[in-house]
Visitor: 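The structure under discussion is supplied below as structure tokens; questions concerning it will follow.
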Amino acid sequence: MKTTYRLFYLIILFSVSSFSQNKHISIKENFSEQFFLNDYVYHKLKKYSNNNKIVIADPNKYLTNEKLIYNSKDLEILLYPEKNKSYDFLIKKVIINNNLAFVAMWNKDSVTALCFYPFLSEFTPNQWIVEEITTRSIK
């Protein structure tokens, strides 16, 4: 009887942890898409684009484990999970909570950082809104 209870307990524990991991992955994917297709983010990144293309490296895999391409109006945003020589921005830090996030990207010039402050909308379910973008000197 004790073995049955232990087995039942392990099955429930495994199910809950699996659900939690899947929820985190979907929040991350949902966040990435909404973040890079946001008009405010688009206008800020557009200023740094070459030939209407921005290459962003995410070597710590904060936002992706695979190459992603986002097309926002006339700007193509390429997000790579590894650092390469031709990147425009390097994702330095990402924090995603239930309703608030922070993204810091360093420009390839190693002098400029962009800090993004998105939050989850109270009025539109599952909609991330970028409240503020600041430019910082990293030297």
Side-chain angles (χ1 to χ4, degrees):
M1 190 72 168
K2 284 186 176 182
T3 307
T4 306
Y5 284 123
R6 287 181 184 163
L7 182 62
F8 182 70
Y9 177 75
L10 287 174
I11 290 171
I12 289 176
L13 185 64
F14 179 74
S15 298
V16 169
S17 71
S18 175
F19 175 75
S20 176
Q21 288 174 349
N22 289 339
K23 184 177 178 186
H24 180 69
I25 290 169
S26 65
I27 288 172
K28 185 174 158 180
E29 290 171 356
N30 183 40
F31 176 82
S32 295
E33 182 176 352
Q34 289 187 31
F35 178 77
F36 288 110
L37 295 177
N38 180 284
D39 281 342
Y40 198 19
V41 174
Y42 158 80
H43 287 294
K44 192 59 147 178
L45 291 178
K46 180 76 173 157
K47 294 177 184 177
Y48 295 91
S49 71
N50 292 320
N51 299 322
N52 294 326
K53 182 194 283 188
I54 288 283
V55 177
I56 300 172
D58 185 10
N60 295 317
K61 297 174 178 53
Y62 288 118
L63 296 176
T64 187
N65 295 327
E66 60 188 15
K67 177 183 173 184
L68 296 174
I69 300 172
Y70 297 104
N71 291 301
S72 181
K73 300 178 183 168
D74 59 341
L75 180 64
E76 183 177 49
I77 301 169
L78 303 165
L79 186 60
Y80 288 98
E82 67 276 337
K83 190 174 177 181
N84 58 35
K85 294 178 184 178
S86 64
Y87 73 89
D88 297 303
F89 283 96
L90 176 68
I91 296 179
K92 201 63 176 169
K93 186 70 174 173
V94 175
I95 301 169
I96 303 173
N97 292 327
N98 289 335
N99 58 355
L100 186 64
F102 171 77
V103 178
M105 291 194 282
W106 287 11
N107 190 291
K108 66 182 173 190
D109 66 8
S110 298
V111 175
T112 309
L114 297 180
C115 298
F116 302 85
Y117 303 91
F119 68 93
L120 202 56
S121 173
E122 295 175 46
F123 307 108
T124 309
N126 299 318
Q127 182 67 41
W128 287 95
I129 298 169
V130 177
E131 176 69 20
E132 184 178 354
I133 302 172
T134 59
T135 304
R136 306 261 183 208
S137 173
I138 54 177
K139 290 238 176 187

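None of these values were measured; they are calculated from a predicted model. As a basis for the values below, the full set of heavy atoms in this structure was taken, side chains included, without hydrogen atoms, waters or symmetry mates.
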Visitor: Output the distance between atom OH (Y40) and atom CD (E131), rounded to the nearest 0.5 Å.
Guide: 8.0 Å
Visitor: Could you walk me through whether L120 and N98 satisfy the side chain to side chain contact (heavy atoms under 4.5 Å, CB included) test, starting with their C-alpha distance in whole Å, then the side-chain angles of each, then the deciding distance to 0.1 Å, before giving a yes or no?
Guide: CA-CA 8 Å; L120 202 56; N98 289 335; over 6 Å; no
Visitor: Flag yes if more than 12 heavy atoms outside E132 fall under 6.0 Å of its CD atom; otherwise flag no.
Guide: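 Correct, the count exceeds 12.
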Visitor: Would you name the heavy atoms of Y87 and N84 that are closest together and state the gap between them?
Guide: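 Closest pair (atom of Y87, atom of N84, distance): CD2-O, 2.8 Å.
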Visitor: Would you give the length of the straight line joining atom CD1 of I91 to atom CG of L63, rounded to the nearest 0.5 angstrom?
Guide: 4.5 Å
Visitor: Working to the nearest 0.5 Å, report the span between CG of L37 and NZ of K73.
Guide: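 One gets 10.5 Å once the value is rounded to the nearest 0.5 Å.
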Visitor: Could you check whether atom NZ of K44 has more than 12 heavy atoms from other residues, nucleotides or ligands sitting under 6.0 Å from it?
Guide: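 Yes - once you tally the heavy atoms of other residues, nucleotides and ligands closer than 6.0 Å, there are more than 12.
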Visitor: Do F35 and L90 land in one hydrophobic cluster if side-chain heavy atoms of ILVMFWY residues count as linked below 4.5 Å?
Guide: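 As far as the 4.5 Å side-chain criterion goes, L90 and F35 are not connected within one cluster.
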Visitor: Quick check for you: to the nearest 0.5 Å, what is the distance between L45 atom CG and I56 atom CD1?
Guide: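 Rounded to the nearest 0.5 Å, the CG-CD1 separation comes to 5.5 Å.
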Visitor: Count I, L, V, M, F, W, Y as connected when their side-chain heavy atoms are under 4.5 Å apart, and connections chain through other members. Are F31 and I133 then in the same cluster?
Guide: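 Cluster IDs for F31 and I133 match.
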Visitor: Tell me the side chain to side chain donor-acceptor pair (under 3.5 Å) pairs involving residues 48-60, sequence neighbours left out?
Guide: K46-N52
Visitor: With no hydrogens and no angle check, is any side-chain donor or acceptor of D39 less than 3.5 Å from a backbone partner on Y42?
Guide: no
Visitor: Can you give me every donor-acceptor pair (side chain of residues 103-119, partner residue at least two apart or in another chain, under 3.5 Å) with its distance?
Guide:
| residue | atom | partner | partner atom | Å |
| --- | --- | --- | --- | --- |
| N107 | OD1 | D109 | N | 2.9 |
| K108 | NZ | D88 | OD1 | 3.3 |
| D109 | OD1 | V111 | N | 2.8 |
| D109 | OD1 | T112 | N | 3.0 |
| D109 | OD2 | T112 | OG1 | 3.2 |

Visitor: Quick one: pull up NE2 in H43 and CG in L75 and give me the separation to the nearest 0.5 Å.
Guide: 10.5 Å
Visitor: Hydrophobic clustering (ILVMFWY, side-chain heavy atoms < 4.5 Å, transitive) - are Y80 and L68 grouped together?
Guide: no
Visitor: So which heavy atom on I129 is nearest to which on S121, and how close?
Guide: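 Distance-wise, the nearest heavy atoms are CD1-CB, 3.5 Å.
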Visitor: Verify the cluster assignment for Y70 and V41: are they in a single hydrophobic cluster under the rule of side-chain heavy atoms below 4.5 Å apart?
Guide: yes
Visitor: Side chain to side chain contact (heavy atoms under 4.5 Å, CB included) between N38 and W128: does it pass, once the steps are laid out?
Guide: CA-CA 9 Å; N38 180 284; W128 287 95; over 6 Å; no
Visitor: For residues L79 and F36, report the shortest heavy-atom separation together with the two atoms involved.
Guide: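 Looking at all heavy atoms of both residues, the shortest contact is CD2-CE1, 3.7 Å.
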